[in-house]
Amino acid sequence: MNVISRIYAHIKDFFCSLLDIAENFHYLILAIAVLFGGAWTLYTFDALNQKEKALQELDQTEQNLKKAKLELKDLQDKIDGTDSSFIEISHEQIKLSNGNIGVIVNVLVQNTGTNDVDMKWKKSPLSVYKVETRNGDEQRLSNELTPKIYDDVFPKKKYLQNLYLFVGAKKHLSFYVELSDPGLYYLMFKAKTDKELSDKLKKAGKSNGIWFSSKYIYLDVLKENVKKTNLPKKITISKHYKDF
């Protein structure tokens, strides 16, 4: 019995030691798992944080790029300059002794850009139309008049065919027409751009530009404030004007 007891005790001690080793191994595995899980959590957190930081940096870079493009465009515009003008049409009507209406049209043209302006036209930049209306917004423009701008009179009459304005410069152009009927008229100022500006517009994918302004006027000779003038019955015309 003593032998059996000793053998049993040794076996018991052996299995107890195995249980102790297994328990320690179990705790070791748990510790390794906890460490690995913590490391993975830290890794994923850092990765997400880095991604968010990278996205913020990307967004900031895109904003800086847009700002740089705008600054570059602004600098290019300053190099190329801007082409713009201010055109204002005004008029004054006069009751003539022959019953017709004399109309003096004054056009103010000012260069408001940073480049010189060169306006060109063939006959006249101003057209005057008689307006007939129907159905509210339908219009018929007729009886076109194109008064010219005198550039010289001796020894032969010459007409201005272009207008050059330095930066900030302004000029007044005066026209005169004689009309037989009161009513509604349409005044249109229209001039072509020079070749340099036309080429710039074509390069930008636009059609040839024009300098343009227009205005409707109503002529009524019955108003008290309309000026009245008497033309001389006989006018002596110089031989230089026989081609009129």
Side-chain heavy atoms of Leu96 within contact of Glu178, under 4.5 Å: yes
Should Ile149 and Pro125 count as side-chain neighbours, where that means a heavy-atom distance under 4.5 Å? yes
Checking Glu88 now: which residues fulfil side chain to side chain donor-acceptor pair (under 3.5 Å) with it, not counting sequence neighbours? none
Decide yes or no on side-chain contact (heavy atoms from CB on, under 4.5 Å) for Leu145 and Leu179, but give the supporting numbers first. CA-CA 10 Å; Leu145 297 176; Leu179 305 170; 3.4 Å; yes
Restricting to side chain to side chain donor-acceptor pair (under 3.5 Å), what partner residues turn up for Asn143, sequence neighbours left out? none
Ser142: what forms a side-chain contact (heavy atoms from CB on, under 4.5 Å) with it, not counting sequence neighbours? Lys130, Glu132, Arg140
Sequence-distant partners of Asp116, side chain to side chain donor-acceptor pair (under 3.5 Å), two or more places apart: Tyr164
Taking side chain to side chain donor-acceptor pair (under 3.5 Å) as the test, write out the residues that go with Glu138, two or more places apart. Arg134, Asn135
Using only atom types and a distance under 3.5 Å, with no angle test, would you say the side chain of Ser84 pairs donor to acceptor with the backbone of Gly113? yes
Evaluation steps, salt bridge (Lys or Arg N to Asp or Glu O under 4.0 Å), between Asp151 and Lys157: CA-CA 8 Å; Asp151 186 30; Lys157 286 188 296 183; over 6 Å; no
Rounded to the nearest 0.5 Å, what separates atom OG in Ser198 from atom NZ in Lys192? 9.0 Å
Going through the checks in order, is the side-chain contact (heavy atoms from CB on, under 4.5 Å) test met by Asn162 and Asp118? CA-CA 7 Å; Asn162 78 299; Asp118 189 7; 3.3 Å; yes
Just to verify, what does Phe212 make a ring pair (Phe, Tyr, Trp, His ring centres under 6.0 Å) with, not counting sequence neighbours? none
Do the side chains of Leu163 and Lys120 get nearer than 4.5 Å, heavy atoms only? no
Check whether Leu108 and Leu160 end up in the same hydrophobic cluster, where Ile, Leu, Val, Met, Phe, Trp and Tyr are linked by side-chain heavy atoms less than 4.5 Å apart. no
Is any side-chain heavy atom of Ser214 less than 4.5 Å from a side-chain heavy atom of Leu187? no
Please answer whether the main-chain N or O of Lys122 pairs with a side-chain N or O of Gln161 as donor and acceptor at a distance below 3.5 Å. yes
Holding to salt bridge (Lys or Arg N to Asp or Glu O under 4.0 Å), I want the full list of residues that pass it with Asp194, two or more places apart in sequence or in another chain. none
Which residue pairs pass the side chain to side chain donor-acceptor pair (under 3.5 Å) test when at least one of the two sits in residues 166-176, sequence neighbours left out? Asn106-Ser174
Check against side-chain hydrogen bond (donor to acceptor under 3.5 Å, both in side chains), Glu144 and Ser127: CA-CA 6 Å; Glu144 179 186 13; Ser127 296; 3.2 Å; yes
Any donor and acceptor pair, going by atom type alone, linking the side chain of Thr114 with main-chain N or O of Thr82 inside 3.5 Å? yes
Let me see the working for Tyr129 and Tyr185 under ring pair (Phe, Tyr, Trp, His ring centres under 6.0 Å), right down to the final yes or no. CA-CA 6 Å; Tyr129 298 91; Tyr185 288 84; over 10 Å; no
Residues passing the ring pair (Phe, Tyr, Trp, His ring centres under 6.0 Å) test with Phe86, sequence neighbours excluded, are none
Value for CG (Leu197) from CG (Asp83), rounded to nearest 0.5 Å, stands at 4.5 Å
By side-chain contact (heavy atoms from CB on, under 4.5 Å) - contacts of Ser85 (at least two apart): Ile87, Met119, Trp211
Residues Asn115, Val167; criterion side-chain contact (heavy atoms from CB on, under 4.5 Å); working and verdict: CA-CA 6 Å; Asn115 292 330; Val167 176; 5.6 Å; no
Contact check, side chains of Val105 and Phe189, non-hydrogen atoms, under 4.5 Å: no
State the CG-NZ distance between Leu126 and Lys190, to the nearest 0.5 angstrom. 13.0 Å
Lys215: which residues meet the side-chain contact (heavy atoms from CB on, under 4.5 Å) condition with it, sequence neighbours left out? Ile89, His91, Ile217
Value for CD (Gln93) from CG (Leu219), rounded to nearest 0.5 Å, stands at 5.0 Å
Under the 3.5 angstrom rule, does the side chain of Asp59 hit a backbone N or O of Gln63 as a donor-acceptor pair? no
In Å and rounded to the nearest 0.5 Å, what is the OH to CZ distance from Tyr150 to Phe175? 12.0 Å
So how far is it from Ile94 CD1 to Asn100 CG, rounded to the nearest 0.5 Å? 12.5 Å
If you look at every heavy atom in Val131 and Tyr216, which pair is closest and at what distance? CG2-CE2, 4.2 Å
Contacts of type side-chain contact (heavy atoms from CB on, under 4.5 Å), residue Lys195, not counting sequence neighbours: Asp199
